[in-house]
2 protein chains.
Amino acid sequence: MTAGSSDTSGEIARKTADDTGDCSRGQFSAAEVARIDGTVADLLTLLGRAHTMAILRVFADESGPLRFSEIESALGISPNTLSERLKELTATGLLTRSAYNEIPPRVEYAATDRAEALFPVFGHLADWARSHELDTLEA
Amino acid sequence: MTAGSSDTSGEIARKTADDTGDCSRGQFSAAEVARIDGTVADLLTLLGRAHTMAILRVFADESGPLRFSEIESALGISPNTLSERLKELTATGLLTRSAYNEIPPRVEYAATDRAEALFPVFGHLADWARSHELDTLEA
DNA sequence: CCGTATCCAAAGAGATACTG
DNA sequence: CAGTATCTCTTTGGATACGG
């Protein structure tokens, strides 16, 4: 990581002053940009999947570890779907999984700092949605 | 769906209040938050679809109107898929479509201010991806 | 309690051919 | 040139039942 999250915030604050989002371009090689581009696309694909945002929002709301059944009953989704989402989110390092060998067995999921670093972006998206007042977003 | 969640957006904003000094957040009704939440989720679903990010990146790169065949050959995707994405993007107000009755016919697509306002968020996502150096994002 | 296995229905995306 | 019409293959998500 670079000099910490403060420089990221600074870059974010500068925002649209000069152009339309090629703040990553110019100082990075084409391959670098392509790799980051793919990463962002993959992330958006994951976030776009059913219930992923809802799951993350539950974690942002509770700001503490959650158990499988808690999320399941909070969202009302089938266990296999929830299991897949949790696997994906732990695989990308957005959630951690802690299993305790107890009876009854207990497994706790918690949001990582990666996820916490991502939450502000959701805030920016919410700002965007609010300021532009979309109403035709339904396909 | 998502019964029980109240002011999720406000919580997110408070936890990470070090962001770009953007507009006020925290005092919105549950219905308001729910609407914005759905809008953001819909947006992410759209952005997560195949080629959507690539299409928008082409527009961010060229910063000018583009024709159907230009995008088609630039990305190498089938015309029906591209047609769907363009319809979705124009429906959400991210692109405009201008048809000219000429021979040969000419149609130009251009990014709207909504899209331009969205590009910085992509920059934030890129910053996030870079600072956290994801490598396990592939499903 | 925490999942996995299996099956099924629906949506997504590409290839190809064709029209105004 | 700018799409649309089919067709097909794959991916995804849910219901249900069962196992550690």
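Just so it is clear: chains get the letters A, B, ... in the order the sequence lines come, proteins before strands, and each one is counted from 1. Just the heavy atoms: all of them, side chains too, but no hydrogens, waters or symmetry mates, feed the values below.
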Quiz prompt | Ion pair check, Glu84(B) and Lys87(B), cut-off under 4.0 Å | solution = no
inquiry  = Quick test of your reading of the model: are Arg67(B) and Glu70(B) salt-bridged, counting only N-O distances below 4.0 Å?
reply    = no
Distance check needed: [N] [atom2] versus [X] [atom1], whole Å only.
{"X": "Leu86(B)", "N": "dA13(C)", "atom1": "CG", "atom2": "C1'", "result": "15 Å"}
{"X": "Leu82(A)", "N": "dC2(C)", "atom1": "CG", "atom2": "P", "result": "10 Å"}
{"X": "Asn80(B)", "N": "dT16(C)", "atom1": "CG", "atom2": "C1'", "result": "9 Å"}
{"X": "Ile77(B)", "N": "dT16(C)", "atom1": "CD1", "atom2": "P", "result": "16 Å"}
{"X": "Phe68(B)", "N": "dG20(C)", "atom1": "CZ", "atom2": "P", "result": "18 Å"}
{"X": "Leu46(B)", "N": "dA13(C)", "atom1": "CG", "atom2": "C1'", "result": "15 Å"}
{"X": "Arg85(A)", "N": "dG3(C)", "atom1": "CZ", "atom2": "P", "result": "15 Å"}
{"X": "Leu66(A)", "N": "dC2(C)", "atom1": "CG", "atom2": "C1'", "result": "15 Å"}

- So Glu88(B) and Arg85(B), salt bridge (Lys or Arg N to Asp or Glu O under 4.0 Å) or not? Walk me through it. CA-CA 5 Å; Glu88(B) 294 166 355; Arg85(B) 289 295 96 80; 2.9 Å; yes
Worksheet entry | NZ or CZ of Arg97(A) within 45° of Phe68(A) ring axis and under 6.0 Å | no
According to a strict under-4.0 Å criterion, is [X] in side-chain N/O contact with OP1 or OP2 of [N]?
{"X": "Ser83(A)", "N": "dG3(C)", "value": "no"}
{"X": "Thr81(B)", "N": "dG14(C)", "value": "yes"}
{"X": "Lys87(A)", "N": "dG3(C)", "value": "no"}

Chain A reaches DNA chain D, atoms under 4.0 Å from its heavy atoms, from dT12(D) to dG20(D)
* Would you classify Tyr109(A) as touching base, sugar-phosphate or nothing, given that sugar-phosphate means primed atoms plus P, OP1 and OP2, and contacts are heavy atoms under 4.0 Å? => sugar-phosphate
Across all chains, not counting sequence neighbours, the salt bridge (charged side-chain N to carboxylate O under 4.0 Å, His left out) partners of Glu108(A) are Arg106(A)
Closest non-hydrogen atoms of Gly48(B) and Thr45(A), given as atom of the first, atom of the second and distance, are O-OG1, 3.2 Å
The residue, Glu84(B) or Pro79(B), whose nearest nucleotide of DNA chain C is more 5′ is Glu84(B)
Sorted by position of nearest nucleotide on DNA chain D, 5' first, the leading residue of Ser78(A) and Arg97(B) is Arg97(B)
(Q) Please check this pair: side chain of Thr90(B) against backbone of Leu86(B), looking for a donor-acceptor N/O pair closer than 3.5 Å. (A) yes
